[in-house]
Amino acid sequence: MLVVQKFGGSSVRDTERLLNVARIVTDTYKQGNEVVVVVSAQGDTTDDLIAKAKELGKKNSKREMDMLMAAGEQISIALLAMAIESLGCPATSLLGWQAGFVTNSTYGAARIKRVNAERIRTELDKNRIVVVAGFQGLNRNEDVTTLGRGGSDTSAVAIAASMHADLCQIYTDVEGVYTADPRKIPNARKLSEITYGEMLELASLGAQVLNNRSVEMAQKYNVELEVLSSLNRVPGTRVMEVAKMEKMLIKGVAKDTSVGRVMVVGLPDEPGIAFKVFSLVARAHVNVDIILQSVGRDGTKDITFTVPAEDGADAVEALKDFCERMGAKDLRYDTECAKVSIVGAGMETHEGVAAKMFEALADADINIEMISTSEIKISVLIALADADRAVAAVHKAFFETND
Ligand code: ADP
Ligand code: ASP
Ligand code: MG
C-alpha cells in the first residue's frame with residue numbers, strides 16, 4: 001500500500017516527539033508499505049517566525065513572509081529524516097518545490113494547482129521513506145509560497161490525491177474529531193466517522209483539527225482521511241463520503257472567534273442600497289458571512305454583517321465614502337463577537353434543532369445577535385465574552401443529556 005502520513009507541529013515539537021513519529025513511520029514502512037510523510041514546523045515555530053517579522057513592521061512584503069514561514073518546515077523535514085535513519089530505515093527529505101508542489105501566486109494563502117510527484121515516486125522506488133515539507137510550494141515565478149495556516153493538512157491530501165494513495169492519515173495531538181474541542185469541553189465525544197460535508201462545515205466554522213481546504217480537496221478527489229493521535233495508538237476518526245455507523249443528528253459544536261462585525265446605521269430605506277454596500281465590500285475582496293438588515297427610524301435602515309477579523313479594516317475603508325454620501329448616521333466595526341455553530345446532516349430532516357440550540361443559549365442567559373442557517377448547520381453570533389459558555393451550554397444540550 002501507499003500510505004501518506006501527516007504530523008502536525010505538536011507531534012514533532014522536540015527530539016522525543018520526533019523519535020516517536022519516526023517509530024510510527026518506520027513501523028508502517030516495515031509492514032511493507034510505501035510511506036510519504038508530510039510534516040509541519042515544530043511546535044510554535046511558525047508563530048515565532050511571524051512574531052520576528054512583526055518586530056520589523058506591520059506591513060511586511062507577503063513574498064518575504066512566505067520565504068520566512070516556509071523555513072519552519074525545512075527544519076522539521078531534515079530532523080525527521082535523521083530520526084528515521086537513526087532507527088535504521090532510509091529516508092529522504094524534500095522541500096515543497098522538490099516534491100513538485102506548484103501553486104498560484106497568492107502569498108500566504110496559495111492554492112495548489114498540481115503536484116508533480118515524479119521525484120517522490122523515484123525515491124519510493126529506491127525503497128526510501130519520503131519526508132515532505134507541508135504548507136509550501138512554488139509559484140510560476142519559482143518563488144516560494146505558503147498555503148495558509150494549518151496548510152500542511154492540505155499538502156498531505158494533495159499528495160494522496162495525485163499519487164492515488166491507499167490511505168491518508170492525519171496524526172495530531174488529540175485522538176480524532178470530537179463533538180467539540182476536547183481541550184475545552186471535557187465531555188466531548190470522539191466520532192468514529194464523519195462525512196466530508198459535515199467535516200468541511202466544522203472545519204470552516206472553527207474546528208481547527210483539519211484545515212478546511214484539505215477537507216474540500218479530500219472530497220473532490222475522494223481521498224478517505226483518518227484523523228488520529230500521534231501519541232496514543234488507538235483508532236481515530238474516518239472522514240468519508242457516507243458515514244454509516246453513527247446516526248447522530250448533530251455531529252459537533254464549533255466556535256470561531258476570528259470574526260468581526262461591520263454596522264452601517266441609518267442608510268436610506270430604498271432599493272439598491274444593499275446592492276451598493278455589498279458590491280463595494282466585494283470589490284475590496286472581503287468575504288461577507290452573516291447579514292442582518294433591520295428597519296431603523298425615520299425611513300432608514302441598518303445593515304450589519306460579519307467578515308473575517310483580518311479583513312475588517314478593508315471593509316470599513318471600502319464603505320467610508322459611500323456612507324458619507326448617503327448620510328448614514330454611523331459606520332462601526334468591532335471584533336467583540338464570536339460565532340458558535342452546530343453541524344450535522346441529520347438536522348435537515350429533524351425539526352426542533354434550532355429551538356433546542358436557542359433554548360440552551362437562553363437558559364445560559366446568552367443573547368443571540370445574529371443567526372444564519374443552511375441544511376447542515378446553524379450559526380449564531382454572540383458576544384465574545386460568552387463564547388466558551390455558549391459552546392459548553394450547546395454541547396450539553398445536544399450531547400450530555402439523555403432526551
Ligand atoms: P496539528 O498541529 O496537528 O495540525 P492543530 O492544533 O492544528 O494540530 O489541531 C488540533 C487541535 O484542534 C486539537 O488540539 C484541538 O484542541 C483542536 N480542536 C478544535 N476543535 C476540535 C474538534 N472538534 N475535534 C478535535 N480537535 C479539535
Ligand atoms: N506550520 C504551518 C502553521 O503553523 C502549517 C501547519 O502547521 O499546517 O500554520
Ligand atoms: Mg493543524
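Only heavy atoms go into these numbers, but all of them, side chains included; no hydrogens, no water, no symmetry mates. Indexing begins at 1, ligand by ligand and atom by atom, following the structure's order.
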Hey, does K6 come in under 3.5 Å of ligand 2, counting only N/O atoms on both sides? no
Indicate yes or no: does an N/O atom of D153 lie under 3.5 Å from an N/O atom of ligand 2? no
Say whether G150 and ligand 1 are in contact under the criterion: heavy-atom distance to a ligand atom below 4.0 Å. no
For ligand 1, is there an atom lying under 4.0 Å from some heavy atom of G9? yes
Below 3.5 Å, N or O to N or O, backbone or side chain included: is there any such pair between Y178 and ligand 1? yes
Measure the distance from atom 13 (C) of ligand 1 to every protein heavy atom, then report the residue, atom name and distance (to 0.1 Å) of the closest one. D173 OD1, 3.5 Å
Is A180 in contact with ligand 1, taking contact as a heavy-atom separation below 4.0 Å? yes
Backbone or side chain, does any N or O of G148 fall under 3.5 Å from an N or O of ligand 2? no
Nearest to atom 3 (O) of ligand 1, what protein heavy atom do you find, and at what distance? T172 OG1, 2.7 Å
Atom CD of E142 with >12 non-hydrogen neighbours under 6.0 angstrom: no
Assess G151 for proximity to ligand 2: is some non-hydrogen atom of it under 4.0 Å away? yes
If we number the atoms of ligand 1 from 1 as shown, the ones under 4.0 Å from a heavy atom of G176 are 24 (N), 25 (C)
For atom 7 (O) of ligand 2, which protein heavy atom lies nearest, and how many Å away is it? S40 OG, 3.2 Å
Tell me whether the count of non-hydrogen atoms from other residues, nucleotides or ligands lying under 6.0 Å of CD in E175 goes above 12. yes
Between R121 and E118 (salt bridge meaning N to carboxylate O under 4.0 Å), is one present in this structure? no
Strictly below 4.0 Å, N to O, side chains only: are K329 and D302 in salt-bridge contact? no
D125 atom CG, neighbour heavy-atom count above 12 within 6.0 Å: yes
So, 4.0 Å and heavy atoms of G72: is ligand 2 close enough to count as a contact? no
Applying a 4.0 Å heavy-atom criterion (strictly less than), which segment of Q208 is in contact with ligand 1: side chain, backbone, both, or neither? both
May I ask you to list the atoms of ligand 2 that are less than 4.0 angstrom from any heavy atom of S152? 5 (C), 6 (C), 8 (O)
Against heavy atoms of R149, which atoms of ligand 2 measure under 4.0 Å? 3 (C), 4 (O), 9 (O)
Can you name the closest pair of heavy atoms from L267 and A328 and give their distance? CD2-CB, 4.0 Å
Report the nearest protein non-hydrogen atom to atom 21 (C) of ligand 1: residue, atom name, distance rounded to 0.1 Å. D181 CA, 3.6 Å
M69 to ligand 2, any heavy atom closer than 4.0 Å: no
P182 neighbourhood, listing ligand 1 atoms whose heavy-atom distance to it stays under 4.0 Å: 24 (N), 25 (C), 26 (N), 27 (C)
Sub-4.0 Å atoms of ligand 1 with respect to non-hydrogen atoms of G8: 1 (P), 2 (O), 3 (O), 4 (O)
Counting only heavy atoms not in K301 (residues, nucleotides, ligands), do more than 12 fall under 6.0 Å from its NZ? yes
Please classify the V209 to ligand 1 contact at 4.0 Å (heavy-atom distances, strictly less than): side chain, backbone, both or neither. both
Once the angle between the rings of Y171 and F7 is folded into 0 to 90°, is it parallel (under 30°), tilted (30 to 60°) or perpendicular (over 60°)? parallel
Distance-only side-chain donor-acceptor flag, T195 / E198, under 3.5 Å: yes
Touching ligand 1 at all, K6? Heavy atoms, strictly under 4.0 Å? yes
List ligand 1 atoms under 4.0 Å from V177, heavy atoms only on the residue side. 24 (N)
